[in-house]
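One-based numbering along the sequence shown. Just so it is clear, the model here is predicted, and its values are computed rather than measured.
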Amino acid sequence: MIGRWHGLVVDCPDPQGLAEFYEKLLGMVRVQDDGKFVVIGDAPDRPGVAFARVEGWQPPKWPDETAHMHFDVRVDDLAAAGEKVLALGARRLEGGGERFHVYADPAGHPFCLVSW
């Protein structure tokens, strides 16, 4: 092993707003916040997801351009979870299937709700 996973950093125009979206989606808490860099996780000493302010952020143009990475979020009920993420500010994207639906978070990053 060379190292240990510390976190994933997501570029975005509004770190506080996007962190709030993912806190509600993933059930995590804010463990660091300096305004331009916000980290959420389950504890300050464990790996987390960070959101970093990037000026001029441009989201990928789905489905023509794909993201290099995206979240898969496992849910029990795709329809119910879909309604909840839309209420948080997500939008539905093209694609998906019987067991997964594709959405964009408020900054335009694709993510999937999956049910297996």
Shortest non-hydrogen contact from [X] toward [Y]:
| X | Y | result |
| --- | --- | --- |
| A52 | P15 | C-CG, 3.9 Å |
| E94 | V102 | O-CB, 3.9 Å |
| P44 | V31 | N-CG1, 3.8 Å |
| L18 | C12 | CD2-CB, 3.6 Å |
| M69 | L8 | CE-CD1, 3.5 Å |

Item to check | Donor-acceptor pair, side chain of R91 and main chain of Y103, under 3.5 angstrom | outcome: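 Side chain of R91 to backbone of Y103: no pair is present.
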[atom1] ([X]) with more than 12 external heavy atoms under 6.0 Å:
| X | atom1 | answer |
| --- | --- | --- |
| D34 | CG | yes |
| E65 | CD | yes |
| R92 | CZ | yes |

Item to check | Ring-ring centroid check H109 W57, cutoff 6.0 Å | outcome: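 They qualify: ring centres under 6.0 Å apart.
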Next on the checklist: Tell me whether the rings of F111 and F21 are parallel (<30°), tilted (30 to 60°) or perpendicular (>60°).
Outcome noted: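 F111 vs F21 ring planes: perpendicular.
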Once rounded to the nearest 0.5 Å, what's the spacing between atom [atom1] of [X] and atom [atom2] of [Y]?
| X | Y | atom1 | atom2 | value |
| --- | --- | --- | --- | --- |
| K84 | L113 | NZ | CG | 11.0 Å |
| C112 | H101 | SG | NE2 | 10.0 Å |
| Q32 | I40 | CD | CD1 | 12.5 Å |
| R4 | R46 | CZ | CZ | 12.0 Å |
| D14 | K36 | CG | NZ | 13.0 Å |

Next on the checklist: Would you say that R99 contacts W116 through its side chain, given a criterion of any heavy-atom pair below 4.5 Å between the two side chains?
Outcome noted: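 Yes; the side chains approach each other to less than 4.5 Å.
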Item to check | Close side-chain approach of S115 to D77, heavy-atom, < 4.5 Å | outcome: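 Sidechains of D77 and S115: no contact.
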Is it the case that one hydrophobic cluster holds both [X] and [Y], taking links as side-chain heavy atoms less than 4.5 Å apart, direct or via other members?
| X | Y | answer |
| --- | --- | --- |
| V9 | L26 | no |
| L88 | F51 | yes |
| L25 | F100 | no |
| V54 | V38 | no |
| V29 | V39 | yes |

Checklist entry - Taking it one step at a time, do F71 and V49 satisfy side chain to side chain contact (heavy atoms under 4.5 Å, CB included)? => result CA-CA 11 Å; F71 285 101; V49 180; 3.7 Å; yes
Checklist entry - Any Lys/Arg nitrogen of R30 or D33 sitting under 4.0 Å from an Asp/Glu carboxylate oxygen of the other? => result yes
Next on the checklist: Checking E20 against K24 for the side chain to side chain contact (heavy atoms under 4.5 Å, CB included) test, could you report, in this order, the C-alpha distance in whole Å, the side-chain angles of both residues, the deciding distance, and whether it holds?
Outcome noted: CA-CA 6 Å; E20 183 178 343; K24 292 176 181 175; 3.1 Å; yes
